[in-house]
Amino acid sequence: MNRAILTLNAGSSSIKFGLYHAADDPVEEARGQVDGIGPEAALVLSDDGGRTRTAVDAPDHGAALAAIIAALRPRLAGDEIAGVGHRVVHGGPYLDGPRHIDDDLITYLDTLSPLAPLHQPHNLAGIAAARRAFPGAPQIACFDTAFHRGHPWVNDTFALPRRFHDDGVRRYGFHGLSYDYITSLLRHDFNNISQGNVIIAHLGNGSSLCATRDGVSIDSTMGFSALDGMPMGTRSGQLDPGVMLYLMQSGMAAEALTTLLYKESGLKGLSGISHDMRTLRPRRTRARHRPWPITPPACRARSARWRPRSADWTGWFLPAGSARTPRPCGPWRLKSSGFWV
Ligand SMILES: Nc1ncnc2c1ncn2[C@@H]1O[C@H](COP(=O)(O)OP(=O)(O)O)[C@@H](O)[C@H]1O
Ligand SMILES: CC(=O)OP(=O)(O)O
Ligand SMILES: [Mg+2]
């Protein structure tokens, strides 16, 4: 009987999945995603037979996950599910590696939902659906935050009274699974580079930069939440906290602020057209509506801090929608612009 491993990655605008033959070095059998969750959702499935793209009715993440499980059912007939691996965006301050999922862990992860409202509830919904669909299969949570748990204290703290840091108000960093993967590829293919100082860009609907030294994360542009750093598809990125105070004093409640900062800002807010570069790129938008280049000062400052001596840093990026090969970029594209999107 074939033993299969399923992986699920519920992002802010997509759910990606992979199906592997379980072995010491698991072999990929199929991969895909429901992308553009909302009115234009499509299920993309790639395997030995090629790549198919089918429109699906997936107005939300729950429906997208149901479409994925329905598409995989026939190919899983007769297989034993050896395990399901879940990307979980927030693992809090202490979880520094994968964990076996049980009820207690789910209860704890749910307490972190307010810190990652675009992701954590979808991650937990994915876990619940996979537990229902594959009862008895071990379910493993892999955290975006885990790769960053070795940051020096000074990079993870805000200049607030110390008790806030102790209460968990600190910089966590995200996209760690992506950085871990890119770092492992660099170590394998470019060992001499990976041992130095490297800045990696994860560019997607959510985007961030990570500074690594000897393959270990030392800093990230994403901080307490997945809002900080670069402007993103629908997220503002770094803002002067005074803007938030002003908006609150003007009568905006927490819920409306959350919607503004997580869902209505970034490329979507600036362009007034779309959060998706595939829609924006081809348009000859008038300069006033053009959302790029967008370089928030804090992100500039942070990446500037990472280049004490220019020759020490190498930049790598893994663009969304590309193959899985990171591409190098001249380290000094960073120099003038702050980053290289
Ligand atoms: N081929 C492409 N060219 C340019 N941008 C792309 C391409 N494919 C995806 N993108 C960008 O990446 C975003 C999706 O990023 P992704 O990280 O996959 O989503 P999520 O964060 O929801 O998982 C799209 O909204 C779009 O802006
Ligand atoms: C943390 C984060 O921003 O994730 P995503 O890129 O999937 O939105
Ligand atoms: Mg993403």
Side-chain angles (χ1 to χ4, degrees), residues 4-20 30-45 54-73 76 81 83-92 95 98-146 172 174-178 204-206 222 225-227 232-235 255 258-259 261-263 275 320:
I5 296 173
L6 176 65
T7 59
L8 289 175
N9 165 5
S12 44
S13 67
S14 68
I15 301 183
K16 301 185 174 75
F17 60 91
L19 188 63
Y20 298 83
R31 61 166 36 235
Q33 63 177 308
V34 171
D35 127 23
I37 293 174
E40 290 175 16
L43 173 71
V44 180
L45 184 65
T54 326
V56 286
D57 182 20
D60 54 36
H61 281 68
L65 196 63
I68 290 170
I69 291 177
L72 291 179
R73 278 268 181 232
L76 289 174
I81 298 290
V84 186
H86 299 266
R87 174 208 185 189
V88 177
V89 161
H90 217 307
L95 298 181
R99 290 290 184 280
H100 196 276
I101 297 171
D102 58 20
D103 291 345
D104 288 345
L105 184 71
I106 290 175
T107 305
Y108 170 65
L109 295 178
D110 198 26
T111 65
L112 302 169
S113 290
L115 307 192
L118 277 194
H119 300 87
Q120 197 85 342
H122 301 314
N123 301 155
L124 293 172
I127 290 172
R131 284 176 119 195
R132 275 195 306 275
F134 311 109
Q139 311 269 337
I140 308 295
C142 305
F143 304 104
D144 261 32
T145 45
Y172 292 96
F174 296 89
H175 292 138
L177 299 173
S178 171
N205 194 45
M222 273 192 175
S225 68
L227 268 182
M232 305 171 222
T234 61
R235 281 167 263 171
E255 206 172 311
T258 305
T259 304
L261 300 181
Y262 276 99
K263 297 188 175 167
H275 69 280

Minimum side-chain heavy-atom gap [X]-[Y] below 4.5 Å:
| X | Y | result |
| --- | --- | --- |
| Asn205 | Ser14 | no |
| Phe17 | Leu72 | yes |
| Leu118 | Lys263 | yes |
| Arg87 | Asp144 | yes |
| Thr145 | Leu95 | no |
| Phe134 | Leu76 | yes |

Can you list everything that forms a side chain to side chain donor-acceptor pair (under 3.5 Å) with Thr7? Sequence neighbours excluded, please.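 With neighbours one apart ignored, the set is empty.
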
Salt bridge (charged side-chain N to carboxylate O under 4.0 Å, His left out) contacts touching residues 114-135 (sequence neighbours left out):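 Only Asp103-Arg131 qualify under salt bridge (charged side-chain N to carboxylate O under 4.0 Å, His left out).
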
Any pair with a residue in residues 112-127 that passes salt bridge (charged side-chain N to carboxylate O under 4.0 Å, His left out), sequence neighbours left out, goes on the list, sorted by first then second residue, please.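 Residue pairs with at least one partner in residues 112-127: there are none.
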
Do [X] side-chain atoms and [Y] backbone N/O form a donor-acceptor pair below 3.5 Å?
| X | Y | value |
| --- | --- | --- |
| Thr259 | Glu255 | yes |
| Asn9 | Lys16 | no |
| Gln120 | Leu109 | yes |
| Ser225 | Leu227 | yes |
| Arg235 | Ala226 | yes |

Between Asp110 and Thr107, is any side-chain donor less than 3.5 angstrom from a side-chain acceptor? no

Quick check: are there more than 12 heavy atoms from other residues, nucleotides or ligands sitting under 6.0 Å from CG of Asp57? no

Going by side chain to side chain contact (heavy atoms under 4.5 Å, CB included), Ile127 matches just one of Ile106, Val84, Leu8, Leu105. Which one?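 That would be Ile106; it is the only one of Ile106, Val84, Leu8, Leu105 passing the side chain to side chain contact (heavy atoms under 4.5 Å, CB included) with Ile127.
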
Test Ile140 against every option in His86, His100, Arg99 by the side chain to side chain contact (heavy atoms under 4.5 Å, CB included) rule and name the one that passes. His100

Residue list, ring pair (Phe, Tyr, Trp, His ring centres under 6.0 Å) with [X], at least two apart or on another chain:
| X | result |
| --- | --- |
| His275 | none |
| His175 | His202 |
| His90 | Tyr172, Phe174 |

